[in-house]
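Reading through the structure tokens given below for one structure.
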Amino acid sequence: MDIAQLPIVQGGALAVLLAVLWLVFRGQLKPRKDLDDLRADHAKMIEYLRADRDARLADAERDAERGWAAYELERAAHERTRQALVDQVRAATAPALAAAETTEKILSELQQRPGARA
């Protein structure tokens, strides 16, 4: 090697050293143990998040079932109320219907008499 190339070689080695230090300080180069710990923490976090998601889904399903049951009860109550109103209207109009039928019979008898006006 030539003496003239020595600063170039040393500058290249210094650049590599500075690059490695830069990566270490930025946190991109870590010891293997730290990476294994991070992976274990990540696995625990994933497990925790999945359990939390499953618990939330179970709660949501229970809420949906309760809501559906409440809807069915409300629908049945509405149907009973509607039927009671129908029965009430029928009971209220029954005398009027009977009176109308009686009136129709009387009018038809009067029209069938001789000398009745049409």
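Residues: numbered from 1 along the sequence shown.
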* To do: Group every Ile, Leu, Val, Met, Phe, Trp and Tyr by side-chain heavy-atom contacts under 4.5 Å, then state whether Leu17 and Phe25 land in the same group.
  => yes
* Structure fact -> NZ (Lys105) and CG (Leu107) are apart, to the nearest 0.5 Å, by 13.0 Å
* Asked: Considering residues, nucleotides and ligands other than Glu79, do more than 12 of their heavy atoms fall under 6.0 Å from its CD?
  -> yes
* For the atom pair CG (Leu57) and CG (Asp52), what is the distance rounded to the nearest 0.5 Å? -> 9.5 Å
* Interatomic spacing from OG1 in Thr81 to CD in Glu74 - rounded to 0.5 Å -> 8.5 Å
* Considering residues at least two apart in sequence or located in another chain, which fulfil the side-chain hydrogen bond (donor to acceptor under 3.5 Å, both in side chains) criterion with Lys44? -> none
* To do: Decide, yes or no, whether a salt bridge links Lys33 with Asp36 under the criterion of side-chain N to carboxylate O below 4.0 Å.
  => no
* Asked: Counting heavy atoms not belonging to Gln83, are there more than 12 under 6.0 Å from its CD?
  -> yes
* **For the student: nearest non-hydrogen atoms of Pro95 and Ala92, plus distance** => CD-O, 3.5 Å
* Asked: Hey, is CD on Gln88 packed in by over 12 heavy atoms from elsewhere, all under 6.0 Å?
  -> no
* Straight-line distance of Asp87 CG to Arg82 CZ, nearest 0.5 Å -> 9.5 Å
* Structure fact -> One should read off an interatomic distance between Leu49 CG and Asp54 CG, to the nearest 0.5 angstrom, of 11.0 Å
* Asked: Any side-chain heavy atom of Ile46 sitting closer than 4.5 Å to one from His42?
  -> yes
* Asked: Residues two or more places apart in sequence or in another chain: which of them pass side-chain contact (heavy atoms from CB on, under 4.5 Å) with Tyr71?
  -> Trp68, Arg75
* Given side chains that start at C-beta, do those of Arg66 and Arg62 come closer than 4.5 Å, heavy atoms only? -> yes
* To do: Verify the neighbour count for atom CZ of Arg90: are there more than 12 heavy atoms of other residues, nucleotides or ligands below 6.0 Å?
  => no
